[in-house]
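Atoms considered below: every heavy atom in the structure, side chains included; atoms not considered: hydrogens, waters and symmetry mates.
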Amino acid sequence: MTTSQARQRLVIGNWKMNGSLADNVKLLEALRAGADVSADVGVCVPFPYLAQAQALLETSKVSWGAQDVSVHESGAYTGEVSTAMLCDFNCRWVLVGHSERRSYHGESSELVAQKAQAALQAGLVPVVCIGETLQEQEAGETADVIAAQLKPVLALGPQAVAKMVIAYEPVWAIGTGRTATPEQAQEVHALIRAALRELGAEQVQVLYGGSVKAANAASLFAMPDIDGALVGGASLVAEEFLRIAAA
């Protein structure tokens with residue numbers, strides 16, 4: 001099969017720079033209690049809360065991970081976090097190349113590929129984020145932007161790419177309340193799937209991200225090449241996030 005039915009549904013929450021020890025307990029315990037869904041469910045939390053996530057989730061159906069990682073193993077890299085550190089907390093996932101990292105920190109697609117490779121070497125699953133800006137979309141450059149962002153990642157080869165997750169997040173839909181229609185999202189997911197198929201890694205899960213909510217999740221997941229979601233703001237509300245996972 002080559003449809004999304006052959007690939008496991010995956011829903012990952014990206015908390016971004018949100019949370020507190022007190023608030024996290026309520027959220028994580030609610031996720032732990034409610035994650036009895038067929039989809040794989042994970043959360044990517046800020047670095048200071050990885051120990052808390054591990055402690056509260058380690059016997060649950062919810063996996064956890066980080067929002068970024070260094071390409072360096074150790075050394076004089078103030079403020080950076082290595083793959084070995086993430087492994088100390090039994091992380092499963094790590095986001096690489098989120099649009100906010102690309103935009104605010106100037107991360108190139110080449111650096112994103114290096115981070116993905118470092119994650120794989122440590123046994124982590126990199127969730128490689130790609131997506132175009134509103135200006136690029138309006139200029140009809142979406143396909144070219146996606147291809148350029150994927151190129152150094154795909155160059156790592158089919159065996160490496162097969163162990164990744166790809167997340168398509170149109171920058172113009174992140175935190176704006178604007179969401180690509182299911183058809184718009186599917187069009188780009190089909191391009192990504194075609195590139196994966198050409199490489200020999202067609203079964204890689206491709207997630208959609210960008211103002212995903214319970215109200216629009218089911219229509220997005222009905223598309224043949226959308227395998228789940230990378231959820232931002234809605235992942236901070238347990239009931240909403242679980243409804244997305246169950247959509």
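Side-chain atoms of Tyr77 never come within 3.5 Å of backbone atoms of His72 as a donor-acceptor pair (strictly under, hydrogens ignored). A donor-acceptor distance shorter than 3.5 angstrom exists from the side chain of Trp64 to the backbone of Phe89, with no hydrogens or angles considered. A donor-acceptor pair under 3.5 Å is absent between the side-chain atoms of Ser63 and the main chain of Cys91, judged by distance alone. In this structure a side-chain-to-backbone donor-acceptor pair under 3.5 Å is missing from Arg92 to Gly65. Arg32 contributes a side-chain N or O that, together with a main-chain N or O of Leu56, makes up a donor-acceptor pair within less than 3.5 Å. With hydrogens and angles ignored, the 3.5 Å screen pairs no side-chain donor or acceptor of Gln67 with any backbone N or O of Asn14. A donor-acceptor contact shorter than 3.5 Å is absent between the side chain of Glu110 and the backbone of Pro152. Remark: the backbone N or O of Ala173 is paired with a side-chain donor or acceptor of Ser211 at under 3.5 angstrom. In this structure, Arg7 contributes its side chain and Ile226 its backbone to no donor-acceptor pair below 3.5 Å. Using a distance-only test at 3.5 Å, with no hydrogens or angles considered, a donor-acceptor pair links the side chain of Ser235 to the main chain of Gly232.
Smallest separation of non-hydrogen atoms from Val127 and Ala167: CG1-CB, 4.0 Å. Between Tyr208 and Ala180, the shortest heavy-atom contact is OH-N, 3.1 Å. Taking both residues in full, the closest heavy atoms of Val161 and Ala201 are given as CG1-CB, 4.1 Å, listed atom of the first, atom of the second, then distance. The two residues Gly131 and Val145 have their closest heavy-atom pair at O-CG1, 4.1 Å. In plain terms, the two heavy atoms of Val212 and Val231 that are nearest each other are O-CG1, 4.1 Å. Across every non-hydrogen atom of Ala247 and Ala218, the tightest pair is CB-N, 3.8 Å.
The side-chain heavy atoms of Leu230 and Leu95, taken from C-beta on, include a pair separated by under 4.5 Å. A 4.5 Å side-chain heavy-atom check between Trp172 and Glu132 finds at least one atom pair inside the cut-off.
With salt bridges taken as basic N to acidic carboxylate O contacts below 4.0 Å, none links Asp225 and Arg197.
Here the rule is side chain to side chain contact (heavy atoms under 4.5 Å, CB included) with Gln149, and of Ile130, Val128, Asp144 only Ile130 fits it. When each of Lys115, His98, Arg102 is tested with Glu107 by the rule side chain to side chain donor-acceptor pair (under 3.5 Å), just one qualifies, namely Lys115. Tested against Leu57 for a side chain to side chain contact (heavy atoms under 4.5 Å, CB included), the candidates Val45, Val43, Asn90 yield a single pass: Val43.
Going from atom CD of Gln205 over to atom CG of Leu10 covers 5.0 Å, rounded to the nearest 0.5 Å.
Judged as a side chain to side chain donor-acceptor pair (under 3.5 Å), and not counting sequence neighbours, the contacts of Asp23 are Ser20.
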- Message: With side chain to side chain contact (heavy atoms under 4.5 Å, CB included) as the criterion, how do Ile166 and Leu150 come out once you've worked through the C-alpha distance, each side chain's angles and the decisive distance to 0.1 Å?
- Response: CA-CA 9 Å; Ile166 306 294; Leu150 278 176; 4.3 Å; yes
- Message: Using side chain to side chain contact (heavy atoms under 4.5 Å, CB included), reason through Leu86 and Val81 one step at a time and then give a plain yes or no.
- Response: CA-CA 8 Å; Leu86 300 187; Val81 172; 3.7 Å; yes
- Could you go through the side chain to side chain contact (heavy atoms under 4.5 Å, CB included) check for Cys44 and Trp15 one step at a time? CA-CA 6 Å; Cys44 288; Trp15 288 9; over 6 Å; no
- Stepwise, does the side chain to side chain contact (heavy atoms under 4.5 Å, CB included) test hold for Leu124 with Cys87? CA-CA 8 Å; Leu124 298 162; Cys87 290; 4.1 Å; yes
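Hydrophobic clustering keeps Phe241 apart from Val237 (ILVMFWY residues linked when any side-chain heavy atoms are closer than 4.5 Å, directly or through intermediates).
Other residues, nucleotides and ligands contribute more than 12 heavy atoms inside 6.0 Å of the CD atom of Glu141. Atom CD of Glu73 has 12 or fewer heavy atoms from other residues, nucleotides or ligands within 6.0 Å.
Aromatic ring orientation, His189 versus Tyr168: perpendicular (interplanar angle above 60°, classes split at 30° and 60°).
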